[in-house]
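Notes follow once the structure below has been shown.
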Amino acid sequence: MPELPEVETIARQLRARGVEGRQILSVRVEWPRTVEPLSVAVFCKELRGTTIDRISREGKWMMFSLSSGKTVMIHLRMAGSFSMESGPHDRLVLQLSGGLSLYYRHTRKFRRWKLVDDPQVILAKLGPDALTRRFTQNYFCEAMRERHRMIKPLILDQSIVAGLGNIYADEALWEAKIHPERLSDSLGDAELGNLFKAIKHVLTIGVRNRGTSLGDGKTNYRDVEGESGGHREKVKAYGRGGKPCERCGNPIKKIVVAQRGTHFCPSCQTI
DNA sequence: GAAGACCTGCTA
DNA sequence: TAGCAGGTCTTC
């Protein structure tokens with residue numbers, strides 16, 4: 001679920017709720033495999049008594065910089081979320097100073113809380129974050145041209161550009177009118193330029209709308225305030241199989257590309 | 001590349 | 001009841 005805009009929304013809300021600057025009084029791990037690579041006991045001991053100095057984000061990773069010098073790296077995977085109130089599927093709870101509790105929630109138990117000395121060990125494997133200045137059009141075009149792969153799996157590859165997931169990849173390709181199975185080195189300058197701009201655009205709009213949530217079931221994305229994100233009505237391709245393309249009226253088609261459900265307009269996005 | 005693993009819960 | 005889900009990882 002959470003891609004760059006959802007993680008950014010959650011990070012901003014945690015800051016707004018005043019999580020930065022608070023001390024961690026206690027840690028409760030409800031699903032032990034949430035934590036790695038340390039044992040739960042060591043993990044809790046390392047966190048207890050430290051202060052969360054800063055909350056930041058890079059790609060889909062969220063980082064809590066601790067006063068101990070270590071960093072908690074959190075990846076929300078498919079269904080992770082945070083809340084200030086307890087609820088079903090809480091996997092890890094931080095009791096913070098000032099009477100605040102922070103609940104990490106994940107229906108599917110896809111774990112990922114890492115305590116590291118240096119976040120670069122993980123971040124160095126990522127390409128530039130899609131919404132930073134380090135992600136430039138030149139870099140993007142070069143990266144696409146020097147490979148010979150289908151464009152969709154390539155823009156989902158976090159080692160090339162960090163932040164896109166399945167929803168925003170489909171949205172960016174729809175916006176740039178590029179078929180998801182086009183080979184990366186077959187794309188011209190204009191097409192790559194359009195795709196670059198579309199990636200920045202769909203993610204920026206996603207952040208502005210505080211993320212995307214599809215449907216309204218309990219497993220969908222929720223931000224820290226329990227809201228489902230305002231981007232749902234803005235989605236043009238993802239999850240719209242069979243529905244008319246907003247640009248040309250022909251039905252959006254759903255196919256599978258590199259094992260991921262993929263939605264596109266066969267008449268706007270030609271091979 | 002592709003397929004399986006990690007998991008639960010919703011939908012068809 | 002089977003299939004599918006916003007994401008990585010590992011192993012062919």
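Letters A, B, ... are given to chains in the order of the sequence lines, protein chains preceding strands, and every chain is numbered from 1.
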Exercise for the section: Please test A:F264 against A:W174 for ring-ring contact (aromatic ring centres under 6.0 Å, His included), starting from the C-alpha separation and ending with a verdict. Expected result: CA-CA 6 Å; A:F264 72 106; A:W174 181 88; over 10 Å; no

Exercise for the section: Check the distance between C:dT8's C1' and A:K125's NZ and give it to me in whole angstrom. Expected result: 12 Å

Practice task
Would you say whether A:F110 stacks on C:dT8? The test is a distance between ring centres of less than 5.5 Å and an angle between planes of less than 30°.
Solution key: no

Practice task
Assign A:H89 to base, sugar-phosphate, or nothing according to its heavy-atom contacts below 4.0 angstrom with the strands shown.
Solution key: sugar-phosphate

Practice task
Just say parallel, tilted or perpendicular for the rings of A:Y139 and A:F135, cut-offs at 30° and 60°.
Solution key: perpendicular

Exercise for the section: Using the P atom as the reference point in each nucleotide, state the distance between C:dG6 and B:dT11 in Å, no decimals. Expected result: 15 Å

Problem - Phosphate-side-chain proximity, A:R33 and B:dC7, N/O vs OP1/OP2 below 4.0 Å - result: yes

Exercise for the section: Please determine if a side-chain N or O atom of A:R260 lies less than 4.0 Å away from the OP1 or OP2 oxygen of C:dG6. Expected result: yes

Practice task
Go through A:E36 and A:R112 one step at a time and tell me if the salt bridge (charged side-chain N to carboxylate O under 4.0 Å, His left out) criterion holds.
Solution key: CA-CA 7 Å; A:E36 61 179 48; A:R112 207 34 71 99; 3.3 Å; yes

Practice task
Report yes if a side-chain nitrogen or oxygen of A:Y168 is closer than 4.0 Å to either non-bridging phosphate oxygen (OP1 or OP2) of C:dG6; otherwise report no.
Solution key: no

Completion exercise
Given Watson-Crick and G-U pairs under 3.5 Å, DNA chain B in dot-bracket ([ ] crossing, | other strand) is ||||||.|||||

Completion exercise
Closest of B:dA3, C:dT8, C:dC9 to the A:Q259 side chain is B:dA3

Practice task
To the nearest Å, give me how far apart CZ (A:R77) and C1' (B:dC6) are.
Solution key: 8 Å

Problem - Any A:E58 side-chain heavy atom under 4.5 Å of A:L126 side chain - result: yes

Handout entry: Phosphate OP1/OP2 of C:dT8: any A:Q158 side-chain N/O under 4.0 Å
Key = yes

Exercise for the section: Classify the ring geometry between A:F196 and A:F140 as parallel (under 30°), tilted (30 to 60°) or perpendicular (over 60°). Expected result: tilted

Handout entry: Nearest-angstrom distance from the residue atom CG of A:D90 to P of B:dT8
Key = 16 Å

Practice task
Return yes if some donor-acceptor pair links the side-chain N/O of A:Y104 with the main-chain N/O of A:T34 below 3.5 Å, else return no.
Solution key: no

Problem - Same-atom distance (P) from B:dG4 to C:dC4, integer angstrom - result: 13 Å

Practice task
Return the value, rounded to whole Å, for the distance between atom CD of A:E6 and atom C1' of C:dG7.
Solution key: 13 Å

Problem - Separation between the C1' atoms of C:dA5 and B:dG1, rounded to whole Å - result: 22 Å

Handout entry: Atom pair NE2 (A:H201) and CG (A:L195), whose distance is rounded to the nearest 0.5 Å
Key = 13.5 Å

Handout entry: side-chain N/O A:K109 vs B:dC6 OP1/OP2, d < 4.0 Å
Key = no

Problem - Flag, side chain of A:Q269 to backbone of A:L173, donor-acceptor distance under 3.5 Å - result: yes

Exercise for the section: Give me the residues of residues 140-149 of chain A where at least one heavy atom lies under 4.0 Å from an atom of DNA chain C, by number, or none. Expected result: none

Handout entry: Residues, nucleotides or ligands: over 12 heavy atoms within 6.0 Å of A:E30 CD
Key = yes

Using the 3.5 Å cut-off, write out each protein N or O paired with an N or O of nucleotides 10-12 of chain C and the distance between them.
none

Exercise for the section: Would you check if there is a donor-acceptor pair between the side chains of A:T262 and A:K152 at a distance under 3.5 Å? Expected result: yes

Practice task
Round to the nearest Å and state the distance from A:M78 atom CE to B:dC6 atom C1'.
Solution key: 10 Å

Problem - Sugar-phosphate only, base, or nothing, as touched by A:K254 at under 4.0 Å among non-hydrogen atoms - result: sugar-phosphate

Problem - Salt-bridge criterion met for A:R145 and A:D189 (N-O under 4.0 Å) - result: yes

Handout entry: Under-4.0 Å side-chain N/O to phosphate OP1/OP2 contact, A:H75 with C:dT8
Key = yes

Exercise for the section: Identify whether the distance between the nearest side-chain nitrogen and carboxylate oxygen of A:R149 and A:D185 falls below 4.0 Å. Expected result: no

Problem - A:Q95 side chain vs A:V27 backbone, donor-acceptor pair below 3.5 Å - result: no

Exercise for the section: Using the P atom as the reference point in each nucleotide, state the distance between B:dC7 and C:dT10 in Å, no decimals. Expected result: 15 Å

Fill in the blank from the handout: note: A:D170, atom CG; C:dG7, atom P; distance rounded to Å ~ 10 Å

Practice task
Mind calculating the distance between CD1 (A:I10) and P (C:dG6) to the nearest angstrom?
Solution key: 17 Å

Exercise for the section: Provide, to the nearest angstrom, the distance between the CZ atom belonging to A:R108 and the P atom belonging to C:dC4. Expected result: 13 Å

